Amino acid sequence: MCAIGGRGRFIVGDVLATSAACALIAAVAGSALSAGWPAWAAMATGMLAGMVLAVPCWLVAGLWLGMIEPMLQIMLGGMLAGMAGGMAAAREVRSDIAGLLLLGLACGAATSLATACADWALRRWGSECP
């Protein structure tokens with residue numbers, strides 16, 4: 001990652017950190033819940049677990065990327081991955097560890113993409129203001 005300079009280092013770092021954090025969060029949240037939970041309870045519990053587990057992931061990522069850079073993506077992705085992992089486990093859909101890791105990776109990549117698109121749009125529209 002040292003060969004990537006400037007803003008590219010942060011873009012690649014954000015995607016990697018968010019995807020890794022979300023994979024871990026989905027696996028832990030999904031493993032903590034069992035089949036048969038009501039959907040609303042699994043969603044709320046998974047989201048809460050995602051928020052709690054996102055904090056240490058964010059702190060570790062902050063050592064390399066700075067504290068502000070990965071915060072939004074990891075926190076948003078953590079909530080999404082915890083919620084998805086919890087609901088997948090409650091409904092027995094992709095509830096094995098490999099499936100939960102893959103689900104978390106997808107949540108992390110989607111969060112990074114959504115955040116990058118929002119950042120691009122805000123910078124584009126913000127530059128048109130006087």
Side-chain angles (χ1 to χ4, degrees):
M1 188 151 58
C2 294
I4 301 172
R7 183 76 186 133
R9 175 178 157 246
F10 291 108
I11 292 170
V12 171
D14 285 345
V15 172
L16 291 176
T18 303
S19 296
C22 289
L24 176 69
I25 290 167
V28 171
S31 297
L33 299 176
S34 60
W37 277 57
W40 65 270
M43 181 176 68
T45 304
M47 187 184 295
L48 180 62
M51 288 188 283
V52 170
L53 294 169
V55 173
C57 295
W58 161 54
L59 294 174
V60 170
L63 295 173
W64 288 280
L65 299 168
M67 295 309 288
I68 299 300
E69 183 71 25
M71 180 176 60
L72 179 68
Q73 290 184 40
I74 291 177
M75 292 296 182
L76 287 174
M79 287 190 295
L80 178 64
M83 186 170 42
M87 290 181 73
R91 296 291 176 221
E92 296 182 12
V93 178
R94 290 199 169 272
S95 59
D96 60 326
I97 293 296
L100 291 170
L101 288 171
L102 186 61
L103 180 62
L105 282 172
C107 289
T111 302
S112 292
L113 179 63
T115 306
C117 289
D119 180 58
W120 176 83
L122 289 172
R123 289 178 189 268
R124 178 181 163 96
W125 293 328
S127 64
E128 295 173 2
C129 295

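Because only heavy atoms are used, hydrogens play no part in the values below, and waters and symmetry mates are left out as well, while side chains stay in. Sequential numbering from 1 along the given sequence is applied to the chain's residues. Keep in mind that this is a model prediction, so the values were computed, not measured.
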Using distance only, find each side-chain donor-acceptor pair of residues 68-88 under 3.5 Å and give its atom names and separation, not counting sequence neighbours.
from  : atom 1 : to     : atom 2 : distance (Å)
Glu69 : OE2    : Arg7   : NH1    : 3.1
Gln73 : OE1    : Thr18  : OG1    : 3.3
Gln73 : OE1    : Ser112 : OG     : 3.0
Gln73 : NE2    : Asp14  : OD2    : 3.4

What side chain to side chain donor-acceptor pair (under 3.5 Å) pairs are there with at least one residue in residues 45-54, not counting sequence neighbours? none

By the salt bridge (charged side-chain N to carboxylate O under 4.0 Å, His left out) test, which pairs, at least two apart or in different chains, include something from residues 104-117? none

Running the 4.5 Å side-chain criterion over Ile, Leu, Val, Met, Phe, Trp and Tyr, what cluster does Ile11 land in, apart from itself? none

Report the residues that fulfil side-chain contact (heavy atoms from CB on, under 4.5 Å) with Leu113, sequence neighbours left out, ordered by chain and then residue number. Cys117

Considering only Ile, Leu, Val, Met, Phe, Trp and Tyr, and joining two whenever side-chain heavy atoms are under 4.5 Å apart, list the other residues clustered with Leu24. Ile25, Val28, Leu53

With sequence neighbours excluded, what pairs up with Ala23 under the side-chain contact (heavy atoms from CB on, under 4.5 Å) test? Leu101, Leu105

Would you be so kind as to tabulate the donor-acceptor pairs closer than 3.5 Å made by side chains of residues 30-42, with sequence neighbours excluded?
from  : atom 1 : to    : atom 2 : distance (Å)
Ser31 : OG     : Ala27 : O      : 2.7

Applying side chain to side chain donor-acceptor pair (under 3.5 Å) as the test, list every pair that has at least one member in residues 51-62; sequence neighbours left out. none

